[in-house]
Amino acid sequence: MPELIEVEIYRRQAEGLVGRTVSAVSAPDEWFLKGATTPAALLSTLVGSLVTRADRIGKLLLLEVISGHRGANGESAATEAGERSTLGLRFGMTGRLVVDGKAEIDELLYSTSTADHRFVRFGLSFDDGGEMSMIDPRRLGGVEIAPDISRLGPDAATLSARQLCDAISRSTIPVKARLLDQSRVAGVGNLIADETFWRAGVDPTRSCASFEPVEVTALAARIRSTIKLLTKRGGSHTGDLQDHRHRDGRCPRDGSPLKRDEIGGRTTYWCPVHQL
DNA sequence: CCGGATGTTCACCT
DNA sequence: GAGGTGAACATCCG
């Protein structure tokens with residue numbers, strides 16, 4: 001996916017929805033509805049509601065809405081006027097967001113063009129004639145009313161040394177596995193993780209417990225700076241290591257053959273010479 | 001044809 | 001409880 005950086009781009013797109021009222025919901029794929037979310041619940045929660053905010057925690061996009069008044073005959077509105085709700089949008093690995101026919105991220109690795117209508121999994125229409133849709137070929141994403149955000153760690157883009165310390169304390173697993181755990185730190189995906197460790201000169205297989213306080217502070221700073229850099233460049237795939245993340249790849253810094261292994265269930269590349 | 005790809009969740013082990 | 005593994009989702013690409 002879309003890691004934190006891409007979802008932040010989606011969030012900015014979604015800010016264009018603030019101030020609009022939902023006129024219709026399209027949920028052609030029930031698999032895409034997560035938790036207790038049903039088509040009926042979406043209808044009663046969203047139709048007639050005003051979008052008030054677009055927030056983001058890690059890779060989760062949150063649309064805040066407030067319900068409005070229904071027709072004079074008071075048709076079945078399960079939601080009271082003025083009631084606030086949150087719609088959570090997850091993008092999996094291949095999900096993209098289209099607002100009013102425009103996609104800020106048109107081409108995504110391992111995905112298809114937004115011109116392909118086959119994979120529209122969810123959509124909202126607005127009273128001004130605009131629309132928002134989610135495209136996700138692999139259906140790894142989803143939407144959920146009132147998603148449980150208590151299970152997400154602090155956002156990686158603003159991660160403090162103290163927060164990272166808490167996230168990796170009392171654990172013996174590889175530090176990269178911990179960073180990928182969204183309940184510990186929210187937003188770091190496989191590409192951001194490999195790029196961060198490469199830039200930090202840190203071996204991603206190292207146990208969390210092996211980190212000295214000064215190293216934790218440095219790593220937290222490196223996570224923030226890497227996200228900032230990749231955001232400026234335009235995506236999680238714009239790191240210096242990216243083009244070398246393949247078998248036979250060599251470290252772009254010192255030319256040594258990269259190590260390849262599975263950490264935290266994800267393929268990991270790192271340089272055995274300068275990442276210690 | 002096979003393997004693997006920016007992700008998450010869950011069941012089932014040790 | 002912690003941690004690891006594999007499955008599931010489904011498509012594209014080399």
Side-chain angles (χ1 to χ4, degrees), chain A residues 1-10 28-37 56-61 88-97 104-122 134-144 147-149 151-153 156-157 167-198 205 207-209 226-227 230-231 233-239 241-249 260-269:
Chain A
M1 122 160 101
E3 300 188 30
L4 177 154
I5 294 166
E6 285 72 26
V7 179
E8 175 58 21
I9 293 170
Y10 295 157
D29 184 359
E30 292 234 18
W31 167 263
F32 217 62
L33 309 184
K34 305 302 179 182
T37 307
R56 179 191 60 76
I57 303 176
K59 307 171 189 175
L60 178 66
L61 178 58
L89 283 63
R90 293 184 177 284
F91 296 90
M93 279 204 288
T94 56
R96 277 161 305 155
L97 188 70
E104 290 300 321
I105 300 176
D106 194 45
E107 293 299 327
L108 201 57
L109 252 50
Y110 317 118
S111 190
T112 50
S113 154
T114 49
D116 196 331
H117 278 225
R118 283 181 297 164
F119 308 121
V120 177
R121 309 297 186 190
F122 182 76
M134 287 177 75
I135 299 175
D136 185 3
R138 288 182 65 183
R139 298 166 91 207
L140 296 172
V143 301
E144 182 176 7
D148 180 9
I149 59 171
R151 288 165 41 193
L152 288 175
I168 69 177
S169 68
R170 295 179 300 280
S171 174
T172 57
I173 68 172
V175 63
K176 179 183 172 184
R178 208 55 154 186
L179 277 193
L180 291 176
D181 182 343
Q182 302 299 300
S183 71
R184 301 290 175 167
V185 174
V188 177
N190 203 32
L191 297 187
I192 292 176
D194 276 9
E195 180 73 11
T196 297
F197 287 116
W198 180 80
T205 67
S207 147
C208 289
T226 299
I227 289 171
L230 299 189
T231 297
R233 290 186 184 175
S236 304
H237 61 291
T238 60
L241 184 66
Q242 177 64 18
D243 291 345
H244 310 276
R245 295 182 74 263
H246 57 80
R247 296 171 194 275
D248 308 325
R260 177 190 193 273
D261 205 346
E262 192 130 307
I263 303 175
R266 311 304 304 277
T267 302
T268 303
Y269 291 92

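Residue numbering restarts at 1 for every chain, and letters A, B, ... go by the order of the sequence lines.
In this structure the side chain of A:Arg96 reaches within 4.5 angstrom of the side chain of A:Tyr10, judged on heavy atoms. Residues A:Phe91 and A:Met134 are in side-chain contact: their nearest non-hydrogen atoms beyond the backbone lie under 4.5 Å apart. Using a 4.5 Å cut-off on side-chain heavy atoms (C-beta onward), A:Phe197 and A:Val175 make contact. Under the 4.5 Å side-chain criterion, counting only non-hydrogen atoms from C-beta, A:Glu6 is in contact with A:Ile105. Under the 4.5 Å side-chain criterion, counting only non-hydrogen atoms from C-beta, A:Asp261 is not in contact with A:Thr205.
Considering only side-chain N and O atoms, A:Thr267 lies nowhere under 4.0 angstrom from the phosphate OP1 or OP2 of B:dG4. A sub-4.0 Å separation between OP1 or OP2 of B:dT8 and a side-chain N or O of A:Lys34 is absent. Residue A:Ser171 has a polar side-chain atom (N or O) positioned under 4.0 Å from OP1 or OP2 of C:dG3. Note on A:Arg178: a side-chain N or O is less than 4.0 Å away from OP1 or OP2 of C:dG3. The phosphate of C:dC12 (OP1 or OP2) has a side-chain N or O of A:Arg118 nearer than 4.0 angstrom. Contact annotation: A:Arg138 side-chain N/O to B:dA5 OP1/OP2 distance is not under 4.0 Å.
Side chain of A:Thr268 to main chain of A:Arg266: a donor-acceptor pair is present (N/O by atom type, distance under 3.5 Å, no hydrogens or angles). When atom types are taken as modelled, the side chain of A:Arg56 and the backbone of A:Gly58 share a donor-acceptor pair closer than 3.5 angstrom.
Between the CD1 atom of A:Ile227 and the CD1 atom of A:Ile5 there is a distance of 6.0 Å, given to the nearest 0.5 Å.
If you check C:dG3, B:dA5, C:dT11 against the side chain of A:Pro137, the one that comes closest is C:dT11. Distance from the side chain of A:Lys59 is smallest for B:dG7 among the nucleotides B:dA5, C:dT11, B:dG7. Which of C:dT11, C:dG4, B:dG7 sits closest to the side chain of A:Asn190 comes down to B:dG7.
For the pair A:Phe122 CZ and C:dC9 P, the computed distance is 23 Å after rounding to whole Å. A:Ile173 places its CD1 atom 17 Å from the P atom of C:dG1, with the value rounded to the nearest Å. If you measure from atom CD of A:Glu3 to atom C1' of B:dA5, you get 12 Å, rounded to the nearest angstrom. The distance between atom CZ of A:Arg121 and atom P of B:dT8, rounded to the nearest whole Å, is 18 Å. Look at CE on A:Met134: it is 19 Å from P on C:dC9, rounded to the nearest Å. In this structure, A:Lys176 atom NZ and C:dG4 atom P are separated by 14 Å, rounded to whole Å. In this structure, CD1 of A:Ile57 is placed 14 Å from P of B:dT8, rounded to the nearest angstrom. In this entry the distance linking CZ of A:Arg247 with C1' of B:dG3 reads 8 Å, nearest Å.
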Please write out each protein N/O paired with an N/O of nucleotides 9-14 of chain B under 3.5 Å, distance rounded to 0.1 Å.
none

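Across C:dG6 and B:dG3, the matching P atoms stand 14 Å from one another, rounded to whole Å.
Legend: residues meeting salt bridge (Lys or Arg N to Asp or Glu O under 4.0 Å) with A:Asp136, ordered by chain and number and at least two apart, are absent.
Base-pairing analysis of DNA chain B finds the following stems of at least three consecutive Watson-Crick or G-U pairs, with both pairing distances under 3.5 Å: B:2-5 with C:11-14, B:7-14 with C:2-9.
The two residues A:Thr267 and A:Asp194 come nearest to each other via the heavy atoms O-OD2, 3.9 Å.
Nucleic acid contact for A:Leu140: base, since at least one base atom lies under 4.0 Å from a heavy atom of the residue.
For the pair A:Glu262 and A:Trp31, nearest-nucleotide mapping onto DNA chain C gives the more 5' position to A:Glu262.
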